Amino acid sequence: MLRKLQLSKALFIVFCLVSCNVVFAEADSWQLNMFKGVTPVSRDIYNLHMIAMLVCAIIGFVVFGIMIYTLVHHRKSKGYQAARFHDNTRLEIVWTIIPFLILLGLAFPATRTLIRLDNVERSEVTVKIVGSQWKWEYYYLDEGVHFFSNLSTPYAQIQNKKTKDKNYLLSVDNEVVVPIERKIRFLVTSADVIHSWWVPELGIKRDAMPGFMYEAWARIEKPGVYRGQCTELCGVGHAYMPIVVRAVTMEEYQQWIKQKALEQKTWNEAQINLAGQKTMTRKELMQLGKDKYNMVCAACHQENGLGIPPMYPALKGSSYAVGYPIDRHINIILNGSTGSAMQSYSDMLSNEEIAAIVTYERNAWENNTNDIVQPIDIAKLRVMGNQKPNVVKKSKVGGLK
Amino acid sequence: MNPDITAVDHHDDHGPEQGKGFIGFAKRWVFTTNHKDIGTLYLLLALLNFFVAGGMALLMRVELFHPGHRFIDPNFYNQMTTMHGLIMLFGVIMPAFTGMANWQIPMMIGAPDMALPRLNNWSFWILPFAFLLLLSTMIQAGGGPNFGWTMYAPLSTKYAPPSTDFMIFSVHMMGISSIMGSINIVATILNMRAPGMTMMKLPMFCWTWLVTAFLLIAIMPVLAGAVTMMLADRHFGTSFFDAAGGGDPILFQHIFWFFGHPEVYVLVLPAFGVISEVIPTFSRKKLFGYNFMVYATGCIAFLSFIVWAHHMFTTGIPLGAELFFMYATMLISVPTGIKVFNWVSTMFRGSMTFETPMLFAVAFVFMFTFGGFTGLMLSLVPADYQYQDTYFVVAHFHYVLVPGVVFALFAGTYYWLPKWTGHMYNECLGKWHFWLSTISVNILFMPMHFVGLAGMPRRIPDYALQFTNFNMIITVGGFIFGISQLLFAWNVIRTIRGGNKVDARVWEGSHGLEWTLPSPPPYHSFTTPPNVH
Amino acid sequence: MQTENRKLLAILLLVVIGMFGFGFAMVPIYNSLCKSLGINGKITEANRSAISLSQDNNRILKVEFVATNNSSVPWKFYPTVKQVELHPGEMYRLSFYAENKTNHKMIVQAIPSITPGLAAKYLKKTECFCFAQQALNGHEAMYMPLLFHVDKDIPRNINTITLSYTLFDITDRL
């Protein structure tokens, strides 16, 4: 009984090692193995992974095999008498040298893959990626396109009030579109804490460090949608900042870029076009406000408005949310509060969205101010903030840091 | 080894000096300088913390049973992640091995007690206060530390809750306790061996602890430096880890992992020591290759200092650094492999019986080696790009720590508990504990490899749908494993309070000075040193 | 026995203090290693005497300029030139536009980062706004200059350099 169970335990381990070699990895709910991916780098990494597993499986087979044999046969219950040897220098040297040689064997493909991974030269498209709590910003430097990429899974799904869709926690409002068969360079940095940009099928993982810029590259060979996640603990929203890369043909990419640039221009103009602002009903404002609040603000300020003081103040009963002037409330959302974790949302949220959020915050959780804030109130503050600056000549170029 | 015990032990009557009633009880345990008492205190603290930190893990697993926000919110989940790590490492494994060291080292080398008995008392008693302080952070405003036990800046400096300062203070206290304990162990082993006990006759448990103690003396002050720098960045206007002031978040990672990597060898070397004691006894054969085991231990310790950046492969360190750390990390598998081969060779052509300590020791060899394989895979930098910060890493270190180190702790406890208490533990309960633990630990940690490879990151309270099936299995395994540990606790408590009496030898194949003492050994043993041939 | 133990205790305590000091010493060691090896992409000292005397006309390098605001610093901050192709050794001047969009005075620090990391020590800045803190009153703007060249010795395998600045708000620190 004992022998059988120990045998089966060992066999189970070996089986897992072996089956990982055999099962074809698909993005399914029983996926056992790494993605082969769609870039030369991801394929290199996959091959290295398989070689390493094979080496380990062989060594495991040998060592565990000997162990199982010993466990079965060299037992007192079988009457086996213990031998008396307890050292053998030659054997020790042999099994020092052989593993060392095996390691050398592994080091060559690993080194080669690493050097190839590191070579960012001659790239054709550059995308700057800025991680922040808890979303990604993408800048297409050559084309001047810039957008935020937020988790788009509805809050109701996270709260288990609606069935979760197929790409639960892996869908975003603005995808990163890149062309296939071009070398793409990704510049990664962070605007607050350390994040990490990882798309398994592209074989890229780069930590996003505040104040520092690092690069990685990919040459995507197959069109498709590739999803990834933030891979460095960055606070409460760490699980909620996915990455979606859509690889398309060069023509589609160029079309998309043009369209995105236009969208951006239109959006920016709409925010400061005082005449074109919508008027929303209280119901619309509260509904949109609640949705947006739960998706964007509740991570810190919590669904119930109580926050996590002192890092994330409560909004219920807060002087910003029930006090006046209302402009102060709007401004802190538009401009953030430097020195704290409160970011500026002027680039990410439209006037409707901010007006809705402010209205919601001023009326929810028994704040009950009955204030209604319309998009035009936000637009006015944006315009004021956009006033033409006074250009001065006072930059310093030397001296103490 | 044939120790010559001259019959001086009339101390059977003179047990611990304990006054009457509760005050007497408390005074004995608070002021004791006896290595056996202090060993017991460390072990009991570790057992308690095991269930505390284990409970935190189960809370996390409950949340991870299904996708979606269920029971605990992300901030609390992150606190559980952090506390589970801190308490398991600093509150379970390290105190448990220190407790075993306290009990065993003086008896194994024929010494009457540790070199610095009062320092020993201090080393222990700092710990309950340190842990109370650490646990208290969870009820402070803003909650407890929520940035992982690795405490990366600036999440742990600029963006952390106020209780972080108390966590830092708690880490300082734990560090001081470790350092003092290690100094004690070094002094004891170097200065207090019985005549005839040369260094190359030291039991392997003492060797591994000697090396571990040196490691601790070297690295705990560096951790203290790192958390002090964190404190300074938080309150004293410095910018060690803040780019705005010319600092660098990566610097924190370098300093932390310079401590952190040798730390994991601190956790595992005593485990190696225990296994090297248990396997020869139950194989009825001397440990194979004693000299090489000693050299391998030294090699592992030396190499552990030059591999720290393998935790940082994705942070953008230069190519040359990545290559160096990759090669150095791969090298560690050589001395570790030597140890595994030597254990197998000890078993080979031995005459084995499979009492509970041996069961755990054999399982250790299987499953620690398996964890070592995934470690080798992780050392390959390009592959690590896909593994780093995913559940693959979580699977790796849990394999080496749980069916690795924790199983070694179980093996050591079952092995030495009869000696410490004079009673045999319940073998049937022990076997149930073993089989339930072994099967459930694989159900718990094996699937983590798969979800990690499939793309699930670490430290997330909620995940994409394709990871659901394995996460459910993992949670079930976790609960079976957790509940099985109650069997262990029950067995230990029962054995302390009573059970079949055992003689000095306890196990047929055991060798060593400690097995020449009665079970339980007198309160003061080897007051006259034995002669060792 | 007592004296032996005490001696060992003293030695080991010294080691502990030494290692604690080593932990702190790692900070300047790290900084000087990074500077001398030219890695980590962070060069913050002035190379005011770094005037290039000649250039290598046989090579063209692409230098890109990138600007990022840390933690929602409410300034407009961007380079007036996005990228330039130049020869190693060729001096180049450009400016970064900075505008304080708030109503109150703010002080910022620009922190440079260069990728690939190994190129950092070859990018010699003669004048850079990153050498000093920059202050602007509310609704003021300025053009901040940068004068640099890429050293002729830059290895042949580096052809694209990205110079990135992150703007940090340090008003509260002063």
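Convention: sequence-line order gives letters A, B, ...; per-chain numbering from 1. Everything numeric in this text was worked out from a predicted model, so none of it was measured.
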Student: Is a side-chain donor-acceptor pair under 3.5 Å present for B/Thr315 with A/Asp207?
Tutor: no

Student: Which atoms of A/Ile158 are under 4.5 Å from chain B, going by heavy atoms: the side chain, the backbone, both sets, or neither?
Tutor: both

Student: Could you name each residue pair satisfying side chain to side chain donor-acceptor pair (under 3.5 Å) that touches residues 367-382 of chain B, not counting sequence neighbours?
Tutor: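 For residues 367-382 of chain B, and leaving out neighbouring residues, the side chain to side chain donor-acceptor pair (under 3.5 Å) pairs sorted by first residue read B/Thr374-B/His396.
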
Student: With ring centroids as reference points, do A/His74 and B/Phe348 lie under 6.0 angstrom apart?
Tutor: yes

Student: Under 4.5 Å from any heavy atom of chain B, what part of A/Asp165 do you find: side chain, backbone, both or neither?
Tutor: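 The backbone, not the side chain.
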
Student: Less than 4.5 Å to any heavy atom of chain B: does that hold for the side chain of A/Asn167, its backbone, both, or neither?
Tutor: neither

Student: Under 4.5 Å heavy-atom distance to chain B, tell me which part of A/Phe85 shows up: side chain, backbone, both or neither.
Tutor: both

Student: Is there a donor-acceptor contact under 3.5 Å from the side chain of B/Ser351 to the main chain of A/Tyr80?
Tutor: yes

Student: Below 4.5 Å from any heavy atom of chain B, which atoms of A/Trp198 appear? Answer side chain, backbone, both or neither.
Tutor: side chain

Student: Between B/Phe366 and A/Phe64, what is the ring plane arrangement, given parallel below 30°, perpendicular above 60°, and tilted in between?
Tutor: tilted

Student: Where on B/Ser333 is there a heavy atom nearer than 4.5 Å to chain A: the side chain, the backbone, both, or neither?
Tutor: side chain

Student: Quick one: of A/Leu48, A/Leu117, A/Ile97, A/Leu103, who has the most non-hydrogen atom pairs under 4.5 Å with chain B?
Tutor: A/Leu103

Student: For the side chain to side chain contact (heavy atoms under 4.5 Å, CB included) test, which of A/Leu233, A/Asp192, A/Ile194 pairs with B/Leu155?
Tutor: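 By the side chain to side chain contact (heavy atoms under 4.5 Å, CB included) criterion, B/Leu155 pairs with just one of A/Leu233, A/Asp192, A/Ile194: A/Leu233.
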
Student: In Å, rounded to the nearest 0.5 Å, how long is the span from OH of A/Tyr46 to CG of B/Leu453?
Tutor: 10.0 Å

Student: Please report the shortest heavy-atom distance between A/Ala82 and B/Ser283, naming the atom on each side.
Tutor: CB-O, 4.0 Å

Student: Report yes if the side chains of B/Thr353 and A/Arg75 come closer than 4.5 Å at any heavy-atom pair, otherwise no.
Tutor: no

Student: Side chain, backbone, both or neither: which part of B/Gln140 has a non-hydrogen atom closer than 4.5 Å to chain A?
Tutor: neither

Student: For A/Leu106, which atoms come within 4.5 Å of any heavy atom of chain B: side chain, backbone, both, or neither?
Tutor: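 The answer is both parts of A/Leu106.
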
Student: Side chain, backbone, both or neither: which part of B/Tyr385 has a non-hydrogen atom closer than 4.5 Å to chain A?
Tutor: both

Student: So which part of B/Tyr463 gets closer than 4.5 Å to some heavy atom of chain A, the side chain, the backbone, both or neither?
Tutor: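 For B/Tyr463, backbone heavy atoms alone lie under 4.5 Å from chain A.
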
Student: At a 4.5 Å cut-off on heavy atoms, which part of A/Glu215 comes close to chain B: side chain, backbone, both, or neither?
Tutor: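 Interface part for A/Glu215: neither.
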
Student: If you compare all heavy atoms of A/Leu114 against all heavy atoms of B/Glu322, which two are closest, and at what distance to 0.1 Å?
Tutor: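 Where A/Leu114 meets B/Glu322 most closely, the heavy atoms are CD1-OE1, 3.5 Å.
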
Student: Using 30° and 60° as the class limits, which term best fits the ring planes of A/Trp95 and B/Phe288: parallel, tilted or perpendicular?
Tutor: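 Ring orientation of A/Trp95 relative to B/Phe288: tilted.
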
Student: Under a 3.5 Å distance rule, please check whether B/Lys286 uses its side chain to pair with a backbone N or O of A/His86 as donor and acceptor.
Tutor: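 Not confirmed, B/Lys286 side chain does not pair with A/His86 backbone.
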
Student: Quick check: do B/Phe341 and A/Leu91 have side-chain heavy atoms less than 4.5 Å from each other?
Tutor: no

Student: Can a donor-acceptor pair be found, under 3.5 Å and without considering hydrogens, that links the side chain of B/Asn146 to the backbone of A/Val236?
Tutor: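 Flag not set: sc B/Asn146 to bb A/Val236 has no pair under 3.5 Å.
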
Student: With side chain to side chain contact (heavy atoms under 4.5 Å, CB included) as the criterion, how do A/Glu92 and B/Asn291 come out once you've worked through the C-alpha distance, each side chain's angles and the decisive distance to 0.1 Å?
Tutor: CA-CA 10 Å; A/Glu92 303 265 20; B/Asn291 290 13; over 6 Å; no

Student: Going through the checks in order, is the salt bridge (Lys or Arg N to Asp or Glu O under 4.0 Å) test met by A/Glu232 and B/Arg458?
Tutor: CA-CA 8 Å; A/Glu232 183 63 61; B/Arg458 274 175 83 167; over 6 Å; no

Student: Roughly how far, to the nearest 0.5 Å, is CG of A/Asn160 from NE2 of B/His69?
Tutor: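 CG of A/Asn160 is found 8.5 Å from NE2 of B/His69.
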
Student: Please tell me whether B/Asn75 and A/Tyr312 have a donor and an acceptor in their side chains that are separated by less than 3.5 angstrom.
Tutor: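 Distance-only check fails for B/Asn75 and A/Tyr312.
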
Student: For the residue pair A/Cys56 and B/Leu376, what are the closest heavy atoms and their distance?
Tutor: SG-CD2, 4.1 Å

Student: Against chain B, label A/Pro309 side chain, backbone, both or neither, depending on which of its atoms sit under 4.5 Å from a heavy atom there.
Tutor: backbone

